[in-house]
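Notes to accompany the following structure.
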Amino acid sequence: MTQSTPRARGDLGSGAMSDPVVLLADRFRHALVAAFGPEHAGVDPAIRPSTHADYQANVALGLAKALKRPPRDVASAIVSALDRGDAVAEVEIAGPGFINVTLTSSLLSRELARVAATEGAGLEHAAEPERVVIDYSSPNVAKEMHVGHLRSTVIGDALARVFEALGHTVLRQNHLGDWGTPFGMLLEHLTDGGADANGQSIADLNAFYQAARAKFDADPVFAERARQRVVKLQAGDESTLALWRTLVEASRHHFNALYRLLGVTLTDADIAGESLFNPMLPEVIAELEAKGQCVLDDGAKCVFVPGYVGRDDKPLPLIAQKQDGGYGYATTDLAAIRYRLATLRANRILYVVGAPQTQHLAMIRDAASQAGWLVPPARAEHVAFGSVLGADGKVLRTRAGANVKLVELLEEGVERAAAIVREKNPELTDEERSRIARAVGIGAIKYADLSSDRVKDYVFDWSRMLAFDGNTAPYLQYAYARICSILRRADESAPASAIAVSTPEERALALAVLAFPTVVVDVAASLAPHRLCGYLYALATTFSAFYERCPVLKAATPEERRSRLALSAVTAQVLARGLDLLGIEAPEKM
RNA sequence: GCGCUGGUAGCUCAGUUGGAUAGAGCGUUGGCCUCCGAAGCCAAAGGUCGUGGGUUCGAGUCCCGCCCAGCGCGCCA
């Protein structure tokens with residue numbers, strides 16, 4: 001829906017205190033004011049990682065034009081005004097006006113100690129916590145979950161974890177498809193004795209759904225009964241509701257089992273399905289009418305928002321009430337956004353919904369603004385994502401053309417992981433192996449989903465996601481397990497204050513570790529979990545380089561050994577915390 | 001027709017919101033285990049960033065046109 005407005009790097013406020021970028025940005029902002037006056041207080045110093053130093057400030061180049069001075073002059077004025085304190089070891093002006101900054105080792109040690117001391121690996125709570133509604137997963141009652149639900153569930157859960165880690169109040173909303181016309185045929189089929197739905201597995205209900213559907217399509221008498229049953233359901237007929245509840249109950253068991261297997265934080269308390277909003281629909285329409293937002297068009301009550309036209313070049317409506325008096329999904333979505341703002345008091349609403357619904361959700365957002373429900377600074381954003389594709393480049397399906405069941409997909413992942421773990425590490429007990437296989441198999445699937453830009457489609461490929469090379473969950477888990485192995489053998493533990501950064505590999509690793517909080521804040525602002533993946537992968541490869549060149553247990557001196565042990569430990573802490581934010585487990589052995 | 005989203009190495013993908021020489025993994029080629037987990041590491045080769053203009057000190061990144069692909073566009077959700 002709205003594009004998020006990410007804050008400039010280095011201007012992240014709290015939540016990133018241990019990252020030197022924050023400290024540097026602060027020092028540079030003061031220098032800008034000192035050098036050029038208070039009107040430059042809001043300028044972003046543009047602190048970036050550098051290949052020529054620890055960081056570089058790019059602000060002089062942009063400022064040169066406004067000040068009508070040569071960039072290098074501007075740079076040197078900034079450098080003169082810069083308070084280096086005990087943080088900055090070296091500053092140099094390079095090229096057209098880049099300011100290269102090298103930090104002192106003592107600063108790195110101090111900040112690493114701070115990271116190690118915090119439970120969240122350096123994460124701090126936002127200065128102004130928000131109430132964030134996240135609408136995700138949203139499976140349909142009486143249908144088995146399939147790959148189509150994977151991305152919403154995995155991405156939404158990762159975002160929920162990230163926002164909570166930053167101290168925001170997260171209101172998970174599982175918008176179940178638990179109401180509407182399809183329930184007419186389902187309930188009618190149930191009264192026909194089509195299935196014993198009481199507490200039975202959803203697999204039965206899946207077949208049950210298809211049977212009901214077939215009967216509905218083939219038998220006009222049945223179809224009419226189904227329509228009547230919808231009317232009874234809408235009217236609150238008690239025996240009909242009882243049947244409906246059995247379907248919902250059985251489905252919930254299925255969803256919960258799957259969420260447990262997948263390691264997703266959703267619970268029954270997060271269920272806010274279509275049925276919740278059903279009673280609100282008449283009053284929503286009444287309010288829209290009272291506000292003059294609703295007009296009769298072609299027999300339907302419609303809300304028109306500017307900027308949307310249909311194929312015929314005529315304005316495109318949101319249909320609040322159909323010709324026949326029934327309600328469609330637009331009505332439910334309007335009721336839901338109103339509820340989330342007025343009742344849940346959300347500041348921010350995230351719709352983790354597929355990209356094809358972009359226009360629809362934009363219209364819902366605009367209609368909510370138009371109705372006076374959605375008022376800044378509250379905002380609604382569409383966290384759109386692409387499709388999961390098969391090897392043929394088309395939406396992933398079984399060979400028979402059916403939807404791929406999510407349970408089967410996850411179980412296959414675990415089985416494949418178990419086979420790999422068995423081969424690579426035969427010494428594990430059965431119990432260890434099965435626990436690790438679960439972490440690796442599920443982790444691989446989730447990570448594959450999270451690690452590329454969510455708006456793009458991605459190709460589902462077992463061998464790639466389960467590979468131990470490249471940007472995969474197993475590679476990160478391996479890096480973590482390897483560090484744990486070192487720490488187990490060490491027979492001593494060293495505090496982060498023992499870290500003395502000396503070699504280039506140690507320095508690179510220290511800087512990488514310290515960037516963690518900034519990355520997490522950035523993920524929350526940009527709603528882009530793949531940036532956390534990219535960061536963790538870079539962290540793991542940086543550790544590997546350190547591991548190759550810098551002996552830990554066999555370090556030259558006891559001081560160096562303790563320093564490297566502590567640096568390894570804090571790296572492990574960040575890796576595990578980062579994976580946890582993605583909803584992925586990090587076993588200590590694999 | 002209109003709109004949205006994509007197009008970066010043979011393949012799969014990054015690219016920090018306009019900065020210095022566009023980076024990874026796979027695959028290919030060549031190295032590294034008497035040494036903390038080789039499930040790893042190092043190196044080489046591989047690019048008109050779909051295309052043509054524009055903006056400026058500087059464009060994969062911003063603007064316009066075009067090409068290709070996917071998706072959406074009135075009572076399904």
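What you are looking at is a predicted structure, and each value in this text was computed from that prediction instead of being measured. So that the names make sense, note that chain A is the first sequence line, chain B the second, and so on, each numbered from 1.
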Is there a donor and acceptor pair closer than 3.5 Å between the side chain of A:Asp313 and the base of B:G1? no
Is there a side-chain polar atom (N or O) of A:Arg488 under 4.0 Å from OP1 or OP2 of B:G37? no
Rounded to whole angstrom, note down the C1' distance from B:A20 over to B:G60. 16 Å
Going by atom types only, do A:Glu90 and A:Thr102 share a side-chain donor-acceptor pair under 3.5 Å? no
Which is true for A:Asp324 with a 4.0 Å heavy-atom rule: it touches a base, it touches only sugar-phosphate, or it touches nothing? nothing
Is A:His360 close enough to B:C4 that one of its side-chain N or O atoms is under 4.0 Å from OP1 or OP2 there? no
With sequence neighbours left out, write down each residue that passes side chain to side chain contact (heavy atoms under 4.5 Å, CB included) with A:Tyr547, or none if nothing qualifies. A:Arg482, A:Ile486, A:Phe543
Rounded to whole Å, please give me the gap between OH in A:Tyr475 and P in B:A39. 13 Å
Counting only heavy atoms and a strict 4.0 angstrom limit, can you tell me which residues of residues 456-467 of chain A come near RNA chain B? A:Lys456, A:Asp457, A:Tyr458, A:Val459, A:Arg464
Answer yes or no for this row: A:His530 ring on B:A14 base, centroids under 5.5 Å, planes under 30°. no
Partner residues of A:Arg151 under the side chain to side chain contact (heavy atoms under 4.5 Å, CB included) criterion, sequence neighbours left out: A:Ile155, A:Phe385, A:Val388, A:Asp449, A:Arg454, A:Tyr458
Whole Å only: how far is the CG atom of A:Leu476 from the P atom of B:G25? 14 Å
Across all strands shown, which nucleotide pairs with B:G23 by Watson-Crick or G-U wobble geometry, both distances under 3.5 Å? B:C13
What's the shortest heavy-atom distance between A:Leu536 and A:Leu579, and which atoms? CD1-N, 3.9 Å
Would you indicate what A:Ala300 reaches in the nucleic acid, counting non-hydrogen atoms under 4.0 angstrom: base, sugar-phosphate, or nothing? base
Applying a 4.0 Å non-hydrogen cut-off, can you work out what A:Gln359 is touching in the nucleic acid: base, sugar-phosphate, or nothing? sugar-phosphate
Can you tell me whether the side chain of A:Tyr329 and the base of B:A77 have a donor-acceptor pair closer than 3.5 Å? yes
Do the side chain of A:Asn100 and the base of B:A20 come within less than 3.5 angstrom through a donor-acceptor pair of N or O atoms? yes
Contact class for A:Ile486 vs. all strands (heavy atom < 4.0 Å): base, sugar-phosphate, or nothing? sugar-phosphate
Length of the line joining A:Leu63:CG and B:G18:P, which is rounded to integer Å: 17 Å
Both A:Glu548 and A:Cys302 contact RNA chain B. Taking the nearest nucleotide for each, which residue is further toward the 5' end? A:Glu548
Salt bridge (Lys or Arg N to Asp or Glu O under 4.0 Å) partners for A:Asp333, two or more places apart: none
When we call it a touch if two heavy atoms are under 4.0 Å apart, what does A:Gly326 touch: a base, just sugar-phosphate, or nothing? nothing
What is the nucleic acid contact for A:Pro317, judged by heavy atoms within less than 4.0 Å: base, sugar-phosphate only, or nothing? base
Assigned glycosidic conformation for B:C42 [threshold 90° from 0]: anti
A:Lys65 near the nucleic acid: base, sugar-phosphate alone, or nothing, with a heavy-atom cut-off under 4.0 Å? sugar-phosphate
Provide, to the nearest angstrom, the distance between the CG atom belonging to A:Asp44 and the C1' atom belonging to B:G19. 13 Å
Does B:U34 have a Watson-Crick or wobble partner in any strand here, with both distances under 3.5 angstrom, and which is it? none
Nearest-angstrom distance, C1' atom, B:G50 to B:C67: 7 Å
For the side chain of A:Lys424, counting heavy atoms from C-beta on, which of B:A39, B:C2, B:G40 is nearest? B:A39
Sugar-phosphate, base or nothing in reach of A:Gly328, heavy atoms under 4.0 Å: sugar-phosphate
Hey, is A:Phe98 doing a stacking thing with B:A20, by the 5.5 Å centroid and 30° angle criteria? yes
For a quick check of understanding: with a heavy-atom distance under 4.0 Å over all strands, which category does A:Cys550 fall into, base, sugar-phosphate or nothing? base
The side chain of A:Asp469 is closest to which nucleotide in this list: B:A20, B:C26, B:C71? B:C26
Just to verify, what does A:Glu492 make a salt bridge (Lys or Arg N to Asp or Glu O under 4.0 Å) with, not counting sequence neighbours? A:Arg561, A:Arg562
Rounded distance in Å - CG (A:Leu539) to C1' (B:U16): 16 Å
Name the closest nucleotide to the A:Gln56 side chain, picking from B:G40, B:G72, B:A20. B:A20
Can you confirm whether the side chains of A:Asp366 and A:Tyr308 place a donor and an acceptor under 3.5 Å from each other? yes
Shortest non-hydrogen contact between A:Arg72 and A:Ala94, atoms and distance: NH1-C, 3.8 Å
Is there a donor on the side chain of A:Glu274 or the base of B:A77 sitting less than 3.5 Å from an acceptor on the other? no
Tell me: CZ of A:Arg489 to C1' of B:C35, nearest whole Å? 12 Å
What's the verdict on salt bridge (charged side-chain N to carboxylate O under 4.0 Å, His left out) for A:Arg435 and A:Glu585, showing C-alpha distance, side-chain angles and the deciding distance? CA-CA 10 Å; A:Arg435 203 179 64 245; A:Glu585 289 178 46; over 6 Å; no
For A:Asn471, which contact category applies under a 4.0 Å heavy-atom criterion: base, sugar-phosphate, or nothing? nothing
Considering all heavy atoms, the nearest A:Leu582-A:Pro529 contact: CD2-O, 4.2 Å
Whether the side chain of A:Asp298 and the base of B:C75 hold a donor-acceptor pair under 3.5 Å is what I'd like checked. yes
Counting just side-chain N and O atoms, does A:Tyr547 come under 4.0 Å of either OP1 or OP2 of B:A38? yes
Name the nucleic acid region contacted by A:Arg531, choosing base, sugar-phosphate or nothing; use a 4.0 angstrom heavy-atom cut-off, strictly under. base
For atom C1', what is the distance between B:A59 and B:C2, given to the nearest Å? 30 Å
Taking all atoms of both residues into account, what is the closest heavy-atom pair of A:Ala540 and A:Leu476, and its distance? CB-CD2, 3.6 Å
Regarding A:Ala538, tell me which of base, sugar-phosphate or nothing describes its non-hydrogen contacts under 4.0 Å with the strands shown. nothing
Please check the phosphate of B:C73 (OP1 and OP2 only) for any side-chain N or O of A:Lys314 closer than 4.0 Å. no
P atoms of B:U12 and B:G27, separation to the nearest Å: 15 Å
Using atom P in both nucleotides, what's the gap between B:G23 and B:C66 to the nearest angstrom? 33 Å
Under a 3.5 Å limit on both distances, the Watson-Crick or wobble mate of B:C2 is B:G72
With a 4.0 Å cut-off on heavy atoms, is A:Ser544 in touch with a base, just the backbone sugar-phosphate, or nothing at all? sugar-phosphate
Watson-Crick or G-U wobble partner for B:U28, using a 3.5 Å limit on both distances? B:A44
Partner set under salt bridge (Lys or Arg N to Asp or Glu O under 4.0 Å) for A:Asp297, not counting sequence neighbours: none
Between B:C4 and A:Thr358, is there an OP1 or OP2 to side-chain N/O distance shorter than 4.0 Å? no
On RNA chain B, more 5' by nearest nucleotide between A:Val455 and A:Leu428 is A:Val455
